[in-house]
Amino acid sequence: MKKRKLIVFSGPSGSGKTTLVKSILQKKTGIEFSISATSRNPRGNEINEKDYYFLTPDEFKRKIENDQFVEYEEVYPNKFYGTLKSEVNRIWGNGCHVIFDIDVFGGLKIKNKFPNETIAIFVKPPNLKTLEERLRKRKTENESSLKERLLKAKMEIEIASKFDFIIVNKEIEKSIKSAIKKVDEFLNT
Ligand code: 5GP
């Protein structure tokens, strides 16, 4: 491996970034998923240390105090999410590039900390109406957290231009192809 790199996918909740990240992981070798830490509760089928490192709010705060995060955000009120330094080192230690599925502000923090090692890709929904439909279909949110996510999406879309690339996710197969092309170009430079 030439150089260990960081591949950031960010975008509003429901933009399809998780699907893109999962397809890249399926289609390419030498890339590992960065498991984030969070203080939110696990959803039905989520597994600790696979989907997230689920921490109590106190455990999360202790790790902030001990400077254990590369980045962290209070993504929604009282719900913290962050990338542990130990996670990036674990993956780099395995000789792999790291791929992230994180919120827009966290994504930009990674880009700012590691400007030369990072490609930051913003996944944009075609419009807010489509985003709302996708979130409703997913049935993971109640009405208030859905509103919270839509409100945050508007803010996130406003800073999309700070990313290296924007993928407008209209048709998932086309988006997968263009994401893989960008990642390949980046890893081969
Ligand atoms: P969810 O609750 O739907 O799993 O995630 C909510 C949001 O938090 C998503 O936009 C997700 O990408 C983001 N997120 C997940 N992990 C991290 C992280 O480590 N850092 C930051 N800043 N955001 C994260």
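Order of listing sets the numbers, starting from 1, for every ligand and every atom in it. By convention here, the first residue in the shown sequence is residue 1.
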For Glu73, the ligand 1 atoms with a heavy-atom partner under 4.0 Å come out as 22 (N)
Is a donor on one side and an acceptor on the other found under 3.5 Å between the side chain of Arg4 and the backbone of Cys96?
no
Suppose we screen for side chain to side chain donor-acceptor pair (under 3.5 Å). Which residues come up paired with Glu173, at least two apart in sequence or across chains?
none
When distances are taken from atom 23 (N) of ligand 1, the protein heavy atom at minimum range is Asp103 N, 3.1 Å
I'd like to check which ligand 1 atoms, numbered from 1 as shown, lie under 4.0 Å from a non-hydrogen atom of Thr83.
19 (O)
Which residue supplies the protein heavy atom nearest to atom 2 (O) of ligand 1, what is that atom called, and how far is it?
Tyr81 OH, 2.5 Å
Atoms of ligand 1, numbered as shown, that sit under 4.0 Å from any heavy atom of Tyr52:
1 (P), 4 (O), 5 (O), 15 (C), 16 (N)
Only heavy atoms of Lys17, strictly under 4.0 Å: list the atoms of ligand 1 that pass.
9 (C), 10 (O), 12 (O)
Of the backbone atoms (N, CA, C, O) and the side-chain heavy atoms from C-beta on, which set of Glu74 has a member under 4.0 Å from an atom of ligand 1: side chain, backbone, both, or neither?
neither
I'd like to know whether ligand 1 has Phe105 as a neighbour, heavy-atom separation below 4.0 Å.
no
Can you figure out which of Leu84, Ile102, Val75 has its heavy atom closest to atom 7 (C) of ligand 1?
Val75
Just jot down the salt bridge (Lys or Arg N to Asp or Glu O under 4.0 Å) partners of Glu141, sequence neighbours excluded, or say none.
Arg43, Arg138, Arg149
Between Phe60 and Phe80, what is the ring plane arrangement, given parallel below 30°, perpendicular above 60°, and tilted in between?
tilted
Numbered atoms and elements of ligand 1 in range of Gly82, under 4.0 angstrom, heavy atoms
18 (C), 19 (O), 20 (N)
Applying salt bridge (charged side-chain N to carboxylate O under 4.0 Å, His left out) to Lys137 and Glu133, what does each step give before you reach the verdict?
CA-CA 6 Å; Lys137 239 188 186 163; Glu133 281 164 11; over 6 Å; no
Short N-O contact, Lys147 and Glu143, less than 4.0 angstrom
yes
Please confirm whether Lys109 comes under 4.0 Å of ligand 1, counting heavy atoms of the residue only.
no
4.0 Å heavy-atom contact, Phe100 with ligand 1
no
Under 3.5 Å between some N or O of ligand 1 and some N or O of Asp101?
yes
Give the residue, atom name and distance (to 0.1 Å) of the protein heavy atom nearest atom 20 (N) of ligand 1.
Glu71 OE2, 2.7 Å
Arg90 with Glu87: basic N within carboxylate O range, under 4.0 Å:
yes
Ligand 1 versus Lys152, non-hydrogen atoms closer than 4.0 Å: side chain, backbone, both, neither?
neither
Between Ser15 and Asn169: side-chain donor-acceptor atoms closer than 3.5 Å
no
Examine Glu46 against ligand 1 and note whether any of their N/O atoms are separated by less than 3.5 Å.
no
Short side-chain donor-acceptor distance under 3.5 Å, Glu71 and Thr83:
yes
Inspect the contact between Lys28 and Asp184 and indicate whether a charged nitrogen and a carboxylate oxygen are less than 4.0 angstrom apart.
yes
Ring of Tyr72, cation from Lys109 - is the NZ or CZ under 6.0 Å from the centre and inside 45° of the axis?
yes
Tyr76 neighbourhood, listing ligand 1 atoms whose heavy-atom distance to it stays under 4.0 Å
6 (C)
Polar side chain donor-acceptor pair, Asn89 to Ser86, under 3.5 angstrom:
no
Within ligand 1, which atoms have a heavy atom of Ser36 less than 4.0 Å away?
16 (N), 17 (C), 18 (C), 19 (O)
For Arg40, atoms of ligand 1 separated by under 4.0 Å from a heavy atom:
1 (P), 2 (O), 4 (O)
